[in-house]
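Just so it is clear, the values below take in all heavy atoms, side chains as well, and ignore hydrogens, waters and symmetry mates. Because the structure is a prediction, the values reported are computed rather than measured.
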Amino acid sequence: MRRPAEFYADESRRVVYVAAEGKRTERDYITLLNTAYGDREKFLLRFSHTRKGLRPKEVVDLVLASSSAPEDEKWALFDRDTLDNRDQDIPEAMRKAATNGVQVALSHPSFELWLLLHFQQFTSQESGISDTVVQRLRAHREAKGFENYDTGSGDQGKGITEAQSRTLTDPEKQREKTAVRNARKLVSLCPHGGCSARNLDHSAIPGPGAETYEQWTRRSGHAENCDPLKRDPSSDIWRLLVQLGIVKDETPGS
């Protein structure tokens, strides 16, 4: 999935800075978006990562450090992951992101939910544990290449292979549209009861301090007082695809 050097030097492309907590899967997915859709939509996602996994607030810090100017488009990707004791870190990371003009794509319980949503809807509340999500992903008959996903120890089995990439981006299946549709529906199904993905603002954040935390939160479709720890299940990756132009938001008013 490597691109030629001139791809990265094309100044006509919209540059978006992205950082994530994961070392492999999120990195591979961002590379996939560049490869599959970057030419068509004229964007370049500049992904920053470290050799170790990061906590949510560290992801926000990393994308801020990696961008070249305060007004640059920036996204931070991280998971709920109850097993990692993030109850305090996630709300703090969200508020820091809002203050500094960083978009957040939170996945509850994990990024693997976003992968699963390419093949089916999933509404079961898993309390931040992704075992069932991963099992469904491996078992789905259309998820070719994912049969042994994350079956090794540590990070073995994670990442996105060429076969998995072809499955996710098959132009005949248009699974990216299915994933966006399913993820958007989860916003309206949020346990809070007052969340809705209608009439969202998908434009870039103008810069640091441009929006209150409440305004920033409404970009996700979640209510101003919706606790991110309780958005179970959900994945905000869909908003990144809509903002990049990969998929059109089909909700009224968009």
Side-chain angles (χ1 to χ4, degrees), residues 16-30 45-67 70 72-115 117 125-131 133-134 150 154-155 158-159 183 186-187 190-192 195 205 208-209 211-241 243:
V16 180
Y17 294 85
V18 181
E21 63 180 60
K23 294 178 286 186
R24 295 189 59 187
T25 307
E26 291 91 335
R27 176 202 64 193
D28 290 351
Y29 183 73
I30 295 302
L45 302 176
R46 291 194 180 276
F47 184 73
S48 299
H49 63 93
T50 64
R51 293 184 177 180
K52 65 173 184 176
L54 299 176
R55 299 188 67 78
K57 198 156 56 173
E58 292 175 321
V59 177
V60 176
D61 290 338
L62 179 59
V63 78
L64 287 171
S66 303
S67 60
D72 287 336
E73 292 185 60
K74 300 175 286 289
W75 282 79
L77 281 55
F78 49 82
D79 299 343
R80 171 64 179 97
D81 193 1
T82 301
L83 300 178
D84 200 21
N85 190 22
R86 323 183 147 200
D87 287 13
Q88 182 174 348
D89 198 67
I90 287 178
E92 291 178 354
M94 303 281 266
R95 288 195 172 273
K96 183 165 189 175
T99 299
N100 289 277
V102 177
Q103 301 261 28
V104 166
L106 171 67
S107 293
H108 195 322
S110 65
F111 183 83
E112 282 71 23
L113 172 64
W114 171 247
L115 299 179
L117 293 176
Q125 295 184 12
E126 298 298 317
S127 302
I129 299 173
S130 59
D131 291 359
V133 171
V134 173
D150 194 19
D155 282 336
K158 284 196 172 184
L186 290 178
V187 178
C190 179
H192 177 276
C195 304
I205 298 176
E211 298 177 341
T212 64
Y213 180 74
E214 290 73 24
Q215 291 171 323
W216 179 88
T217 298
R218 285 199 295 271
R219 285 178 170 270
S220 69
H222 290 281
E224 298 174 3
N225 61 346
C226 178
D227 184 349
L229 301 177
K230 297 179 180 178
R231 297 172 188 174
D232 184 11
S234 65
S235 178
D236 291 322
I237 306 293
W238 75 275
R239 295 195 300 115
L240 174 60
L241 270 68
Q243 190 172 15

Using 0.5 Å steps for rounding, measure from the [atom1] atom of [X] to the [atom2] atom of [Y].
X    : Y    : atom1 : atom2 : result
L54  : H49  : CG    : NE2   : 10.5 Å
Y29  : L240 : OH    : CG    : 7.5 Å
I30  : I237 : CD1   : CD1   : 7.0 Å
L186 : L117 : CG    : CG    : 6.0 Å
R80  : S234 : CZ    : OG    : 10.5 Å
D87  : T82  : CG    : OG1   : 7.0 Å

Name all residues meeting the salt bridge (Lys or Arg N to Asp or Glu O under 4.0 Å) criterion together with [X]; count only those two or more places apart in sequence or in a different chain, and write none if there are none.
X    : answer
E211 : R219
D84  : R55, R86
D72  : none
R27  : none

Give the minimum heavy-atom separation between [X] and [Y], together with the two atoms involved.
X    : Y    : answer
C226 : H222 : SG-ND1, 3.8 Å
D232 : S127 : OD2-N, 2.8 Å
P56  : I90  : CG-CG1, 3.8 Å

Residues in side chain to side chain contact (heavy atoms under 4.5 Å, CB included) contact with [X], at least two apart in sequence or another chain:
X    : answer
N225 : H192, A223
R218 : E214, Q215, E224
S66  : S48, L62

Quick one: does [X]'s side chain get under 4.5 Å of [Y]'s, heavy atoms only?
X    : Y    : answer
C190 : R231 : yes
K74  : L64  : yes
P233 : E126 : no

Distance-only donor-acceptor hits, side chain of residues 92-100, under 3.5 Å, sequence neighbours excluded:
from	atom 1	to	atom 2	distance (Å)
E92	OE1	K57	NZ	2.8
E92	OE2	Q88	NE2	2.8
K96	NZ	D61	OD1	2.5
T99	OG1	R95	O	3.0
N100	ND2	K96	O	2.8

For [X], side-chain hydrogen bond (donor to acceptor under 3.5 Å, both in side chains) partners two or more places apart:
X    : result
W238 : none
T25  : Y149
D131 : none

message: If we check side-chain contact (heavy atoms from CB on, under 4.5 Å) with V18, which of these qualifies: V59, L45, V63?
response: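 The passing option is L45.
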
task: Would you check if the side chain of R46 reaches a backbone N or O of Y17 as a donor-acceptor pair within less than 3.5 Å?
output: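 Side chain of R46 to backbone of Y17: no pair is present.
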
Which donor-acceptor pairs under 3.5 Å do side chains of residues 102-111 form with protein atoms, sequence neighbours excluded?
from	atom 1	to	atom 2	distance (Å)
Q103	OE1	R239	NH1	3.3
S107	OG	S235	OG	3.0
H108	NE2	L229	O	2.8
S110	OG	E112	N	3.4
S110	OG	E112	OE1	3.1

